[in-house]
2 protein chains.
Amino acid sequence: MSPMSPSIKDVAVHAGVSVGTVSNVLNHPERVAEPTRAAVQSAIAALGFVRNSSAAQLRAGTSRSIGLIVLDLANPFFHDVARGVEQVADELGYAVVLCNSDDQTSRENRYLQVLEEQRVRGVLITPIEVSSDRLDALRKRGTPTVLVDRHDPRVNCCSVAVDDVVGGELAGAHLVTQGHERIVYFSGPLGLSQCADRLTGLRRSVAAAGLDPDAAIEVVEIPVMNARSTHDVARARFEQGEPATAAFCANDLMALGVLRAALSTGRRVPGDLAIVGYDDIEFAADAAVPLTSIRQPTQQIGRAAAQLLVEECDNPDTHAHQQVMFKPELVTRDSTQP
Amino acid sequence: MSPMSPSIKDVAVHAGVSVGTVSNVLNHPERVAEPTRAAVQSAIAALGFVRNSSAAQLRAGTSRSIGLIVLDLANPFFHDVARGVEQVADELGYAVVLCNSDDQTSRENRYLQVLEEQRVRGVLITPIEVSSDRLDALRKRGTPTVLVDRHDPRVNCCSVAVDDVVGGELAGAHLVTQGHERIVYFSGPLGLSQCADRLTGLRRSVAAAGLDPDAAIEVVEIPVMNARSTHDVARARFEQGEPATAAFCANDLMALGVLRAALSTGRRVPGDLAIVGYDDIEFAADAAVPLTSIRQPTQQIGRAAAQLLVEECDNPDTHAHQQVMFKPELVTRDSTQP
DNA sequence: ACTCGTGAATGAAACGTTTCACGATCTCCA
DNA sequence: TGGAGATCGTGAAACGTTTCATTCACGAGT
């Protein structure tokens with residue numbers, strides 16, 4: 001049924017040349033004379049030859065592909081990051097292997113294993129835990145690694161992130177300015193520096209306004225940062241009566257969950273509850289109440305990360321690790337209109 | 001810097017066994033005696049050995065991975081399909097290579113090329129054009145192919161889709177029941193059988209209600225099926241004055257675009273314009289006006305497609321192509337409340 | 001004591017490329 | 001006429017596995 005696909009050798013016989021020549025046509029066309037090249041090309045077409053990349057890579061010893069492991073492809077934020085990565089990789093002649101860890105360590109580990117076995121040149125990752133033995137091991141084996149939307153406290157690799165303290169401050173200052181004195185922060189796991197940093201920023205701006213952060217801010221930690229989980233937690237709170245007049249959410253999916261919970265428990269937004277999200281995904285503008293959000297330069301994060309990685313792959317010796325940090329930006333919409 | 005990673009041979013030397021034994025430890029542990037196995041394992045750990053999958057695959061001649069090419073990862077619909085595919089592939093021991101063609105033929109072709117070079121066992125694809133030379137060539141070379149969310153009129157491969165005529169009918173019947181007599185259909189390219197079929201269903205239900213489809217339905221064809229393009233087209237129409245009282249959209253992203261355009265030109269939804277979307281993505285329920293939509297069993301589509309593909313991969317000789325067709329379902333929300 | 005069987009490990013061949021040192025052939029000019 | 005370059009092509013080695021026929025060791029059965 002599937003007749004073993006033709007090899008370079010079959011092409012060589014068919015074209016009446018040696019295998020080396022066929023290989024040259026494939027990889028260094030300028031080294032072979034026009035008529036020969038044409039003969040080989042037509043043999044390739046006639047036989048329907050397709051290069052076996054396993055063999056090529058085995059012999060060459062190195063591939064031109066990089067791995068990208070994101071936390072949650074369902075979140076448009078990561079989708080945009082991936083797009084940025086692909087753009088740059090494309091320009092620089094690298095292929096991207098896209099992996100979705102879905103916030104599960106087992107999946108993350110499996111993908112890391114696969115990428116190592118494939119001998120990718122480097123890995124871009126938004127890891128579940130910043131410092132993992134597996135990542136260290138990977139780096140030790142000489143595979144360049146760049147953290148995406150994360151930061152390594154022990155600066156031993158490149159990273160690209162956004163200043164989350166500033167993000168938290170922007171959100172907090174905005175809410176405080178509107179007179180809110182009780183703010184609930186729907187956070188992801190506080191073990192994530194992102195979530196912790198946003199809280200730091202939030203507290204800072206609250207304090208700057210002369211309020212006591214401990215009294216003004218309540219933190220609700222939600223393990224899975226998606227709409228459904230957040231909706232469920234928020235709804236339970238709202239049914240008991242919510243003391244806060246404003247909610248700050250660690251991402252827009254969570255904000256959508258909070259919004260749905262608020263509306264379905266009869267609250268008006270922003271009248272009864274103002275909401276600020278994070279990421280400014282495309283859907284934020286189309287939500288039931290268009291969401292105020294903290295915008296991150298999403299595609300740029302991906303682009304910068306890919307550039308750093310490729311730089312390190314191409315100059316492993318002279319490379320010095322860098323920590324790129326972008327600034328977030330406040331986008332106001334109805335969900336916080338006074 | 002990157003010290004050539006250790007091979008199976010290094011492990012063999014370190015453990016004092018032959019390479020064949022190391023390979024057996026890796027692939028058929030039951031064939032090797034306990035003490036030897038332990039020795040090899042510790043050598044592997046000591047050296048940080050990672051199998052080179054290129055070499056393995058080259059020798060073995062076949063991989064256990066399948067390719068999945070989707071049209072638009074930014075659309076949650078495809079994301080859910082991918083999730084279904086991954087679930088099944090996982091269960092059956094296959095790895096999935098996820099590719100996003102982004103509706104560009106050049107990208108689709110590039111990915112097909114890569115997948116062929118990697119000698120994947122099979123390909124799941126939502127192609128840009130159902131009948132393409134490339135796909136035919138792929139199949140001719142013996143690579144099983146399954147169409148996802150598409151249908152092959154010349155039944156020469158498996159496919160999984162949803163009955164789009166019924167979907168169109170559901171939408172049309174719902175709108176007609178509510179008294180609408182002028183419906184604008186924001187369609188994707190009518191070359192897509194999906195878009196054409198939905199129109200067929202829409203016309204059928206309108207006709208069934210005693211109206212003249214040609215008079216009642218206006219078709220607006222939009223080349224790129226996303227929110228932004230649709231918004232722009234819809235807005236231009238609305239600013240001229242929209243004769244229709246109801247809009248049916250070929251997917252929810254488009255519906256969100258129409259919704260935004262309607263609201264921003266001062267229309268009330270559903271008062272001035274009722275809207276029906278398609279796919280029932282998660283965001284549809286959270287939209288400015290929660291969207292009535294046609295739900296498709298998204299994950300199931302992915303699951304079914306993966307099952308068909310694996311079945312064909314495992315039994316290429318006895319396999320008979322199948323066309324699986326699911327039924328869609330109407331979900332009513334505020335955007336069409338009378 | 002001899003063979004037989006069994007379980008365990010070996011070692012070489014093969015997979016399809018790329019690479020590279022080496023020929024072969026031609027061109028040009030002293 | 002001869003030799004130096006160019007220009008093209010060749011063929012074998014090597015990449016790191018898996019596979020499989022073979023060897024080895026050892027105890028059981030006669």
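The shown structure was predicted, so the numbers you read here are calculated from the model rather than taken from an experiment. In the text below, chain A, chain B and the rest are named by the order of the sequence lines, each starting its count at 1.
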| Which residues pass the side chain to side chain contact (heavy atoms under 4.5 Å, CB included) test with Glu30(B), sequence neighbours left out? | His28(B)

| Axis-to-axis angle between the two ends of the helix from dA1(C)-dT30(D) to dA30(C)-dT1(D) (five base pairs per end, rounded to 10 degrees) | 60°

| message | Holding to salt bridge (Lys or Arg N to Asp or Glu O under 4.0 Å), I want the full list of residues that pass it with Arg83(B), two or more places apart in sequence or in another chain. | response | Asp102(A)

| Footprint string (nucleotides 11-17 of chain C, 5' to 3'): B base within contact, S backbone only, - free, heavy atoms under 4.0 Å | B-BBBBB

| Considering residues at least two apart in sequence or located in another chain, which fulfil the salt bridge (Lys or Arg N to Asp or Glu O under 4.0 Å) criterion with Glu311(B)? | none

| request: Measure the CG-CG distance between Leu309(A) and Leu147(A) for me, rounded to the nearest 0.5 Å. | output: 11.0 Å

| field | Set of salt bridge (Lys or Arg N to Asp or Glu O under 4.0 Å) partners for Arg134(B), sequence neighbours left out | value | none

| field | Pairs touching residues 49-65 of chain A that satisfy salt bridge (charged side-chain N to carboxylate O under 4.0 Å, His left out), sequence neighbours left out | value | Arg51(A)-Glu117(B)

| message | Which residues pass the salt bridge (Lys or Arg N to Asp or Glu O under 4.0 Å) test with Asp90(A), not counting sequence neighbours? | response | Arg110(B)

| request: Please name all residues satisfying side-chain hydrogen bond (donor to acceptor under 3.5 Å, both in side chains) with Glu116(B), sequence neighbours left out, ordered by chain then number. | output: Arg141(B)

| message | At less than 4.0 Å, is any side-chain N or O atom of His28(B) found next to OP1 or OP2 of dT18(D)? Yes or no. | response | no

